[in-house]
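Values in this document were obtained by computation on a predicted structure and should not be read as measured data.
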Amino acid sequence: GIYARSNNKNAAMNIYNSIIKSNGAIGYATYDYATNGGGILMFNAVGIIHNTTIDNNQVNQYYGGGVRITWSDATIKNTIISNNIAGSFR
């Protein structure tokens, strides 16, 4: 998948006209952002997701099979998010 992380929103993620498909954040760890957001993980960042399909991604632990956005400024337009699977605490 795609990952953007910073301490002060100086990381940017801009995705246009894309397909994000069949990615995964797979593993078992103590709580760590590496096991979140199978398709896209945005943490303390800024970004735009436009004209994009996010499909068939998974995470087997924690959150965000397709997309996880935490403490970020994100704009999502004309985007399909479907068939993604998120796990649970283990």
Side-chain angles (χ1 to χ4, degrees):
I2 302 170
Y3 179 60
R5 181 178 183 175
S6 72
N7 292 324
N8 57 4
K9 293 190 180 172
N10 64 354
M13 175 187 296
N14 296 310
I15 303 168
Y16 298 93
N17 306 313
S18 298
I19 298 172
I20 299 166
K21 185 171 183 168
S22 300
N23 295 287
I26 309 300
Y28 296 95
T30 57
Y31 190 78
D32 182 352
Y33 283 97
T35 55
N36 286 264
I40 295 173
L41 173 60
M42 186 183 296
F43 181 84
N44 207 16
V46 296
I48 298 169
I49 303 169
H50 190 258
N51 288 335
T52 294
T53 298
I54 302 164
D55 182 65
N56 196 40
N57 300 285
Q58 81 175 61
V59 58
N60 69 338
Q61 187 174 345
Y62 301 113
Y63 310 107
V67 179
R68 174 146 190 206
I69 298 172
T70 303
W71 298 331
S72 297
D73 298 326
T75 301
I76 301 174
K77 289 184 177 182
N78 201 29
T79 292
I80 298 169
I81 302 172
S82 61
N83 303 312
N84 299 287
I85 300 169
S88 59
F89 295 106
R90 304 220 189 262

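More than 12 heavy-atom neighbours from other residues, nucleotides or ligands sit within 6.0 angstrom of CG on N10.
Taking both residues in full, the closest heavy atoms of M13 and Y3 are given as CE-C, 3.9 Å, listed atom of the first, atom of the second, then distance. Residues K9 and S72 come closest through the heavy atom pair CE-CA, 4.3 Å.
Atom CD1 in I2 sits 8.0 Å away from atom CD1 in I54 (nearest 0.5 Å). Put simply, CG on D73 and CE on M42 are 9.5 Å apart, with the number rounded to the nearest 0.5 Å.
Among pairs with a residue in residues 36-47, none fulfils salt bridge (charged side-chain N to carboxylate O under 4.0 Å, His left out), at least two apart in sequence or across chains.
Partner of I81 under the side chain to side chain contact (heavy atoms under 4.5 Å, CB included) criterion, chosen from I40, V67, N57: V67.
I69 has its side chain within reach of I76: a pair of non-hydrogen atoms, C-beta onward, lies under 4.5 Å apart.
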Under 3.5 Å, sequence neighbours excluded: what are the donor-acceptor pairs made by side chains of residues 45-53?
from	atom 1	to	atom 2	distance (Å)
N51	OD1	N78	ND2	2.3
N51	ND2	N17	OD1	3.4
T52	OG1	H50	O	3.0

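The hydrophobic cluster containing I20 does not contain V59, counting ILVMFWY residues as joined when their side-chain heavy atoms lie under 4.5 angstrom apart, directly or transitively.
Side-chain polar atoms of D55 and S82 form a donor-acceptor pair below 3.5 angstrom.
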